[in-house]
Amino acid sequence: MQKELENRFLTDFETNQNIVHKVCRIYTTNPDAHNDLFQEITIQLWKNYDKFRGDAKFSTWMYRVALNTAISLYRKSTKAVKTQDISDFAYKIQSNEYDDTEEQQLKDLYKAIHKLSDIDKALIFLYLEDKSYKDIADTLGISEVNARVKMNRAKDKLKKILTP
């Protein structure tokens with residue numbers, strides 16, 4: 001039973017791991033912090049995988065766990081990420097190198113996104129992932145109307161940052 005759960009997790013995770021990389025890119029500014037956050041999100045996903053009921057798509061659940069982990073870690077006054085030892089199953093997870101060459105032209109956008117609040121970062125991230133307002137609301141645990149209002153405010157803040 002445990003082996004089957006592990007295999008399902010590994011398959012689901014490897015198929016969708018770019019979600020975690022993208023969340024890490026939004027919430028970190030250097031490769032070491034990116035790797036630490038990636039590891040912590042992976043741990044949280046594994047710890048909670050047995051609670052995933054399948055009511056939503058795996059990717060939607062993964063967004064939610066990844067964003068909640070990133071937000072809770074980076075809300076702390078220190079920016080240090082506390083990690084746990086995952087040596088028991090780390091050898092089974094193959095982390096593909098994250099190639100951000102296509103994203104170089106988005107450097108200014110990422111810089112501006114880093115200046116937003118944690119919730120605004122999550123909203124903009126999900127918007128850039130072409131998520132519907134319903135999906136955004138489900139992922140963040142807010143109403144669809146609230147998601148629309150917050151999104152418009154976040155877009156306005158981003159425009160002000162990008163156009164001095």
Side-chain angles (χ1 to χ4, degrees), residues 12-45 47-49 51-83 95-164:
D12 288 344
F13 181 83
E14 288 171 359
T15 302
N16 295 286
Q17 77 171 305
N18 277 340
I19 292 170
V20 179
H21 280 299
K22 290 174 185 177
V23 169
C24 292
R25 175 90 163 104
I26 292 289
Y27 284 94
T28 62
T29 56
N30 66 60
D32 290 335
H34 179 105
N35 291 335
D36 288 345
L37 183 57
F38 182 88
Q39 180 176 331
E40 187 60 31
I41 291 170
T42 303
I43 290 168
Q44 293 305 317
L45 287 165
K47 279 182 168 179
N48 294 292
Y49 188 69
K51 296 174 189 148
F52 174 61
R53 297 184 310 262
D55 295 342
K57 291 188 290 188
F58 177 79
S59 60
T60 301
W61 176 78
M62 190 178 212
Y63 277 116
R64 188 173 201 155
V65 172
L67 287 169
N68 286 340
T69 302
I71 288 170
S72 66
L73 286 174
Y74 284 93
R75 277 198 171 156
K76 295 177 182 176
S77 59
T78 61
K79 296 292 181 183
V81 176
K82 294 182 176 124
T83 60
S95 175
N96 300 333
E97 287 298 314
Y98 183 62
D99 181 14
D100 66 344
T101 54
E102 294 177 4
E103 294 181 7
Q104 287 303 316
Q105 68 269 23
L106 298 175
K107 190 174 183 179
D108 289 338
L109 178 62
Y110 278 110
K111 221 173 183 178
I113 289 172
H114 279 282
K115 295 178 182 178
L116 297 174
S117 71
D118 290 336
I119 298 300
D120 288 345
K121 284 179 188 176
L123 285 162
I124 295 296
F125 168 69
L126 292 170
Y127 177 79
L128 290 173
E129 289 291 303
D130 287 329
K131 296 297 177 186
S132 68
Y133 284 108
K134 182 177 178 355
D135 287 343
I136 292 171
D138 289 345
T139 301
L140 298 178
I142 58 177
S143 71
E144 192 171 341
V145 172
N146 196 2
R148 288 178 187 276
V149 170
K150 286 181 178 285
M151 180 63 74
N152 286 331
R153 290 179 183 160
K155 285 180 189 176
D156 288 342
K157 289 177 191 174
L158 199 55
K159 284 177 192 172
K160 286 179 184 174
I161 293 170
L162 290 170
T163 54

Could you tell me which non-hydrogen atom of [X] sits nearest to which non-hydrogen atom of [Y], and how far apart they are?
X    : Y    : result
I19  : S59  : CD1-CB, 3.7 Å
L162 : A112 : CD2-CB, 3.5 Å
K159 : T163 : O-OG1, 2.6 Å

Take atom OH in Y127; do more than 12 heavy atoms of anything else shown fall under 6.0 Å from it? no
Just grab all the salt bridge (charged side-chain N to carboxylate O under 4.0 Å, His left out) pairs involving residues 146-157, residues at least two apart or on different chains.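 Counting only pairs at least two positions apart or across chains, the salt bridge (charged side-chain N to carboxylate O under 4.0 Å, His left out) contacts touching residues 146-157 are D120-K157, E144-R148.
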For residues 110-119, which residue pairs qualify under salt bridge (charged side-chain N to carboxylate O under 4.0 Å, His left out), counting only residues two or more places apart or in two chains? R75-D118
Heavy-atom donor-acceptor pair, [X] side chain to [Y] backbone, under 3.5 Å:
X   : Y   : value
N16 : D12 : yes
T60 : A56 : no
N48 : K51 : no

[atom1]/[X] to [atom2]/[Y] distance, rounded to the nearest 0.5 angstrom?
X    : Y    : atom1 : atom2 : result
D108 : I161 : CG    : CD1   : 12.0 Å
L128 : I113 : CG    : CD1   : 5.5 Å
N152 : L123 : CG    : CG    : 10.5 Å
C24  : N18  : SG    : CG    : 11.0 Å
K22  : I26  : NZ    : CD1   : 10.0 Å
N146 : I136 : CG    : CD1   : 12.0 Å

Can you tell me how the ring of F38 sits relative to the ring of H21, calling it parallel under 30°, perpendicular over 60° and tilted otherwise? parallel
Could you label the plane-to-plane angle of the F58 and W61 rings as parallel, tilted or perpendicular, counting under 30° as parallel and over 60° as perpendicular? tilted
Flag side-chain contact, heavy atom, 4.5 Å: [X] against [Y]:
X    : Y    : answer
D135 : L126 : no
L45  : T69  : no
V65  : F52  : no

Among M62, K131, R64, K134, the one residue meeting side-chain contact (heavy atoms from CB on, under 4.5 Å) with T139: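 Of all the options given, the one that passes is R64.
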Checking K160 now: which residues fulfil side-chain contact (heavy atoms from CB on, under 4.5 Å) with it, not counting sequence neighbours? none
Checking side-chain contact (heavy atoms from CB on, under 4.5 Å) for the pair I124/M151: CA distance, chi angles, key distance, verdict? CA-CA 7 Å; I124 295 296; M151 180 63 74; 4.3 Å; yes
Centres of the Y63 and F125 rings: under 6.0 Å? yes
